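Taking it in order: structure first as structure tokens, then the write-up.
Just so it is clear: chains get the letters A, B, ... in the order the sequence lines come, proteins before strands, and each one is counted from 1. Predicted model, so just to flag it, every value in this text is computed and none were measured.
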Number of protein chains: 2
Amino acid sequence: MKESKKKALEKRGWSVGSAKDFLKMTDEEAALIELKLSLAENLKTRRQKSHLSQEQLAKLLDSSQSRVAKMEACDRSVSIELLLRALLRLGATRRQLGAIISKAA
Amino acid sequence: MKESKKKALEKRGWSVGSAKDFLKMTDEEAALIELKLSLAENLKTRRQKSHLSQEQLAKLLDSSQSRVAKMEACDRSVSIELLLRALLRLGATRRQLGAIISKAA
DNA sequence: TTAGTATATGTCAGATGTGACATATCGCAA
DNA sequence: TTGCGATATGTCACATCTGACATATACTAA
């Protein structure tokens, strides 16, 4: 993982914290987080391309603006399932989800 | 969704139950469940190809045999995140996960 | 400046997911 | 049949996720 990405994640509460903690992260954990990050980035892009505010998207998802903000920020409290659900609601196909997940962060 | 698949899901506690309930399922929900099902099937296949028992895989995942059984059975109580975690632990690459997710159930 | 809109952050009660355990069922060899 | 290893199912305490709310910050326009 790149250092810039690491820092971005630290801010989100991933306790990638010290180098020690960072090294303790297993490969799977790192892969999962990067995967999640890709989904979050894609969600933000899609929303913006759809010219929707977070508030509007929230309504579409039966959720709240604050949660949408957290989804896009890849907050610790956001599950992969929630991100997938949101992307599907925004019209993403299964194939497109696969493409997002395939690509390295 | 095919009728056979629907029945398989009913047994797993997805309350696809009556035709009415079934129709109430949104496209996204159906897509998510099928996606989950694909991951679960792949997990079982991978475990078997690795000649591991559920008990052995459970140890590998710091989990329990019963949870592994539920993962493979696509139980309601199993998250997509848990399935992805397990697949990664079994050596699946991000690209392979993408492929699983791309393919229709 | 002020006001308005969009986004970010912290918190919390209720919902959902998780490992662990007990127990049941299956498949097969002796 | 009996016994045994593997898998399935039900339950539960504890952990994590979620929507909602309050509030903060950022950016424009008047």
Non-hydrogen side-chain atoms of A:Leu84 and B:Ile101 separated by less than 4.5 Å: no
Please report the distance, rounded to the nearest Å, between CG in A:Leu32 and C1' in C:dG17. 15 Å
Counting C-beta onward and ignoring hydrogens, is there a side-chain heavy-atom pair between A:Glu55 and A:Ser64 closer than 4.5 Å? no
Close side-chain approach of A:Leu88 to A:Thr93, heavy-atom, < 4.5 Å: no
Going by atom types only, do A:Ser38 and B:Arg94 share a side-chain donor-acceptor pair under 3.5 Å? yes
Taking the side chain as everything from C-beta on, heavy atoms only, tell me whether A:His51 gets closer than 4.5 Å to A:Gln56. no
We want to know whether B:Arg89 and B:Ser63 form a side-chain donor-acceptor pair, criterion being a heavy-atom distance below 3.5 angstrom. no
Does some side-chain heavy atom of A:Lys44 sit less than 4.5 Å from a side-chain heavy atom of A:Lys49? no
Over how many whole Å does the gap from B:Glu29 atom CD to C:dT16 atom P extend? 12 Å
Helix axis bend for the helix from C:dT1-D:dA30 to C:dA30-D:dT1 - C1'-based end axes, five pairs, 10° rounding: 30°
For residues A:Leu43 and A:Leu57, determine if any side-chain heavy atom of one lies less than 4.5 Å from a side-chain heavy atom of the other. yes
Can you check the A:Asp75 CG to C:dA8 P distance for me, whole Å? 12 Å
Nearest-Å distance for atom pair CZ/C1', residues A:Arg85 and C:dG17: 13 Å
Can you build the contact string for nucleotides 16-24 of chain D? Use B for base contact, S for sugar-phosphate-only contact, and - for no protein heavy atom under 4.0 Å. -SBBBB---
Less than 4.5 Å apart, any side-chain heavy atom of A:Lys36 and any of A:Leu83? yes
Are B:Gln54 and B:Glu72 side-chain neighbours, meaning at least one heavy-atom pair lies under 4.5 Å? yes
Using a 4.0 Å cut-off on heavy atoms, which residues in residues 43-56 of chain A reach DNA chain D? List them by number, or say none. none
